> 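Starting off with a structure, shown below.
Since this is a predicted model, take the numbers as computed values, not measurements.
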Amino acid sequence: NPEGATNLFPNQSVVIQVNVLIPFDLEAGTTDLITITATSEFDKDESDLANGVVRVDLTPGVYLSTRDARILVIPGRSSIVPVYVENTGNGQEIVNLTTYASDGWGVSVDPDSVVISMGESRAVDLRITAPGGSYGSRSYISVTGMVEINGRVADWDTENMYADASFAM
């Protein structure tokens, strides 16, 4: 018996709220027909049906990670580090990637935009370049993934790391 269900007099009506449990792993845009049947307790042959459609709304989500705890780059050269972009939302997403490096180091990501289906993960290449003559220096590196919906950032995540200039690899 849904909350608010009650005994009714002839020609009386009442609005009740029905909660529908939706499984977590349904993709955005999924629809399902819900049918509610009301049956008289006094006359089991008396009943009425109501139908409604439930639609799963888009819930965006992105998560970035890297498996490299220590990044070493030879001064004047580049190292490529995989960064994993995971879609934690419930629909296909376009994740746009941006980068930052401190202290004059170079950093870029390829590709800088990825299309990822619900529950999937994809590796992108983060190229970190240490300036010539930077032995012993360290750079703060970040890569940010953003999901935009209708021109607004709906979700984002940033993976932060440090890279050290060294001749010992």
> How far does CD of E86 sit from CG of D157, to the nearest 0.5 angstrom?
10.0 Å
> Return the set of residues passing side-chain hydrogen bond (donor to acceptor under 3.5 Å, both in side chains) with S113 (not counting sequence neighbours), or none when no residue passes.
N96
> Roughly how far apart are N87 CG and Q92 CD, rounded to 0.5 Å?
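Answer rounded to 0.5 Å: 8.5 Å.
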> Identify the two heavy atoms, one from S139 and one from S102, that lie closest to each other, and give their separation to 0.1 Å.
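Taking every non-hydrogen atom into account, OG-O, 2.9 Å.
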> Tell me whether M161 is reachable from V109 by hopping between hydrophobic residues (I, L, V, M, F, W, Y) whose side-chain heavy atoms are closer than 4.5 Å.
yes
> Identify, with sequence neighbours excluded, every residue that meets salt bridge (Lys or Arg N to Asp or Glu O under 4.0 Å) alongside D164.
R138
> So which pairs with a foot in residues 128-137 pass side-chain hydrogen bond (donor to acceptor under 3.5 Å, both in side chains), sequence neighbours left out?
S78-T129
> Would you mind reporting whether E93 and I116 have side-chain heavy atoms less than 4.5 Å apart?
no
> So which heavy atom on S142 is nearest to which on N160, and how close?
CB-OD1, 3.3 Å
> Roughly how far, to the nearest 0.5 Å, is the CD1 atom of I34 from the CD1 atom of I36?
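Between atom CD1 of I36 and atom CD1 of I34 there are 8.0 Å.
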> Do you know the tightest heavy-atom contact between P131 and G104?
CG-O, 3.6 Å
> Show which side-chain atoms of residues 45-66 pair as donor or acceptor with protein atoms under 3.5 Å away, not counting sequence neighbours.
from: N51; atom 1: OD1; to: T35; atom 2: OG1; distance (Å): 2.8
from: T66; atom 1: OG1; to: D68; atom 2: N; distance (Å): 3.4
from: T66; atom 1: OG1; to: P82; atom 2: O; distance (Å): 3.1

> Is there side-chain contact between R122 and P111, with at least one heavy-atom pair below 4.5 Å?
yes
> May I ask you to list the residues sharing a hydrophobic cluster with I94, side-chain cutoff 4.5 Å, ordered by chain and number?
V115
> Any chance you could measure W156, atom CH2, to L97, atom CG, to the nearest 0.5 Å?
14.0 Å
> Compare all side-chain heavy atoms of V143 with those of I141 and state whether any distance is below 4.5 angstrom.
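When only atoms from C-beta onward are counted, I141 and V143 do not touch, as no gap falls below 4.5 Å.
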> Working to the nearest 0.5 Å, report the span between CG of D155 and OG1 of T88.
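Rounded to the nearest 0.5 Å, the CG-OG1 separation comes to 6.0 Å.
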> Report the hydrophobic cluster partners of Y140, with the cluster defined as I, L, V, M, F, W, Y residues connected by side-chain heavy atoms closer than 4.5 angstrom, directly or transitively.
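ILVMFWY cluster around Y140 also holds Y100, Y162.
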> Calculate, to the nearest 0.5 Å, the distance between atoms CG and OG belonging to L126 and S108 respectively.
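Taking CG in L126 and OG in S108, the distance rounds to 7.0 Å.
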> Checking S79 side chain against L72 main chain: does a donor-acceptor pair fall under 3.5 Å?
yes
> For residues D112 and V124, determine if any side-chain heavy atom of one lies less than 4.5 Å from a side-chain heavy atom of the other.
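They are not in side-chain contact.
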> Is the Lys NZ or Arg CZ of R67 less than 6.0 Å from the centre of Y84's six-membered ring, within 45° of the axis?
yes
